[in-house]
Chemist: 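My questions will all concern the structure given below.
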Number of protein chains: 2
Amino acid sequence: MTHPRPFSDVLARLKTVGLRPTRQRLALAKLLFDGEDRHVTAEVLHAEAQGAKVRVSLATVYNTLHQFTSAGLLREVVVDPGRSYFDTNSSDHHHFFFENRGTLQDIPEETVSLSGVPEPPAGTSISRVDVVVRVRDESESS
Amino acid sequence: MTHPRPFSDVLARLKTVGLRPTRQRLALAKLLFDGEDRHVTAEVLHAEAQGAKVRVSLATVYNTLHQFTSAGLLREVVVDPGRSYFDTNSSDHHHFFFENRGTLQDIPEETVSLSGVPEPPAGTSISRVDVVVRVRDESESS
DNA sequence: GTGTTTGCAAAGTGTTTGCAATTTA
DNA sequence: TAAATTGCAAACACTTTGCAAACAC
């Protein structure tokens, strides 16, 4: 299965997670969840909102991305020190990171997988396992 | 094998990779490569140098970490947006990241592994595969 | 000597914060 | 109207840069 995206009922989503459906959040949620899965940075999403004639401040974009992440609607992906990426597919999966373009792409789950998750050190529990396959254009020097 | 660390001949190392053995680089290399494998941030290394009465500016620490990384003596590990970590073990291996403390630990290579590295998208080649197992103190709220 | 490296301070980047004004319920 | 949310601008944390002085070969 390619990953179901059954309802883009953005309003319902916000209610479900207990966030007030403000104009800004609705607009951002629409941009994020209305189509295919996406990987965005705050700046990109902000620019996109502007482009769509939605007035939102960058600060609100940041706040919203974090609220959505806490609510489980987004997943943060760490691939670049100094830039945060958010993935609208919050389920467990791995990523290609295109170093040249600075973009992310989901890895189809059939393709890889860990053959064994290691025992976490005593007193700790695993909060998440991230797998990032960094790729670059074939021509590039290593 | 636990990972051989045969020579801490810091001077020879620098020569090998074509970096002039300046006082600063020698001192930093010593701090980095003289004992066990380590995971450091620029700030930590800088503080350590200060503690060891080595006069080095933070800018030089940054420069040096990057030069060592380009030279293959270090490997950068991305686990935190807004902070760069460098690993003195530049061989291929994976990490635990302790979210509470913000520290890294190598995962013994026997323990995990990818069961299959995915085919990189056309026109690209894999530059590296990063696996980060994020752990947190058991008591912590999720 | 010549080219490299250093340190400083300034500038840069991405992100967070304080708070008054606005909006939601 | 009470509580939550927004936007702005200032503050932040970390990193990079420009350039003159110091250093390595």
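Order of the sequence lines sets the chain letters (A, B, ...), proteins ahead of strands, with each chain counted from 1. The basis for the numbers below is simple: all heavy atoms, side chains too, and nothing from hydrogens, waters or symmetry mates.
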Chemist: Tell me the interatomic distance from Leu28(B), atom CG, to dT6(C), atom P, rounded to whole angstroms.
Modeler: 9 Å
Chemist: Choosing from dC14(D), dG14(C), dT15(C), which nucleotide comes nearest the side chain of Leu58(A)?
Modeler: dT15(C)
Chemist: Please state how far atom CD in Glu76(B) lies from atom C1' in dC14(D), giving the value in whole angstrom units.
Modeler: 13 Å
Chemist: Base, sugar-phosphate, or nothing: which does Pro21(A) touch, judged by heavy atoms less than 4.0 Å apart?
Modeler: sugar-phosphate
Chemist: Side chains of Asp87(A) and His95(A): any donor to acceptor distance under 3.5 Å?
Modeler: yes
Chemist: Could you state the CD-P distance from Glu43(A) to dG12(C), rounded to the nearest angstrom?
Modeler: 15 Å
Chemist: Looking at every strand, decide which applies to Ser84(A) at a 4.0 Å heavy-atom threshold: base, sugar-phosphate, or nothing.
Modeler: sugar-phosphate
Chemist: Counting Watson-Crick and G-U wobble pairs only, both distances under 3.5 Å, name the nucleotide matched with dC25(D), or none.
Modeler: dG1(C)
Chemist: Roughly, in whole Å, what's the span from CZ in Arg55(A) to C1' in dG7(D)?
Modeler: 9 Å
Chemist: More 5' along DNA chain D: Asn63(B) or Ala59(A), using each one's nearest nucleotide?
Modeler: Ala59(A)
Chemist: Assign each of Thr64(B) and His66(A) to its nearest nucleotide of DNA chain C by heavy atoms, then name whichever residue's nucleotide is nearer the 5' end.
Modeler: Thr64(B)
Chemist: May I ask you to decide whether Arg38(B) forms a salt bridge with Glu48(B), counting only side-chain N to carboxylate O separations under 4.0 Å?
Modeler: yes
Chemist: Under 4.0 Å between a side-chain N or O of Thr22(A) and OP1 or OP2 of dT6(D)?
Modeler: yes
Chemist: In this structure, how many angstroms lie between the P atom of dG12(C) and the CZ atom of Arg83(A), rounded?
Modeler: 16 Å
Chemist: How many Å lie between CG on Leu26(B) and C1' on dC23(D), as a whole number?
Modeler: 13 Å
Chemist: How do Gly82(B) and Lys15(B) order along DNA chain D: which one's closest nucleotide is nearer the 5' end?
Modeler: Gly82(B)
Chemist: Kindly check if the number of other-residue, nucleotide or ligand heavy atoms within 6.0 Å of CD (Glu119(B)) is above 12?
Modeler: no
Chemist: So, does Tyr62(A) get its side chain near the phosphate of dT16(C), meaning an N or O under 4.0 Å from OP1 or OP2?
Modeler: no
Chemist: Atom CG of Leu14(A) and atom OG1 of Thr22(A): how far apart are they, to the nearest 0.5 Å?
Modeler: 7.5 Å
Chemist: Ignoring backbone atoms, test whether Arg25(A) places a side-chain nitrogen or oxygen under 4.0 Å from the OP1 or OP2 oxygen of dT5(D).
Modeler: yes
Chemist: I'd like to know if Arg20(B) reaches the base of dT5(C) with its side chain such that a donor and an acceptor end up less than 3.5 angstrom apart.
Modeler: no
Chemist: Atom CG of Leu65(B) and atom P of dC14(D): how far apart are they, to the nearest Å?
Modeler: 15 Å
Chemist: Would you tell me if any nitrogen or oxygen in the side chain of Arg23(B) comes within less than 4.0 Å of OP1 or OP2 on dT6(C)?
Modeler: no
Chemist: Under a plain distance cut-off of 3.5 Å, with no hydrogens placed, do Ser84(A) and Glu76(A) share a side-chain donor-acceptor pair?
Modeler: yes
Chemist: Figure out the CZ/P separation between Phe86(B) and dC14(D), and round it to whole Å.
Modeler: 14 Å
Chemist: May I ask you to evaluate whether Gln67(B) reaches the phosphate of dT5(C), defined as a side-chain N or O under 4.0 Å from OP1 or OP2?
Modeler: no
Chemist: Using purine N1 to pyrimidine N3 plus N6-O4 or O6-N4 for Watson-Crick, or N1-O2 and O6-N3 for G-U wobble, each under 3.5 Å, what pairs with dT16(D)?
Modeler: dA10(C)
Chemist: Strictly below 4.0 Å, N to O, side chains only: are Asp92(A) and Arg75(A) in salt-bridge contact?
Modeler: yes
Chemist: Looking at dT6(D), dT15(C), dT5(C), which one has an atom nearest to any side-chain atom of Gln24(A)?
Modeler: dT6(D)
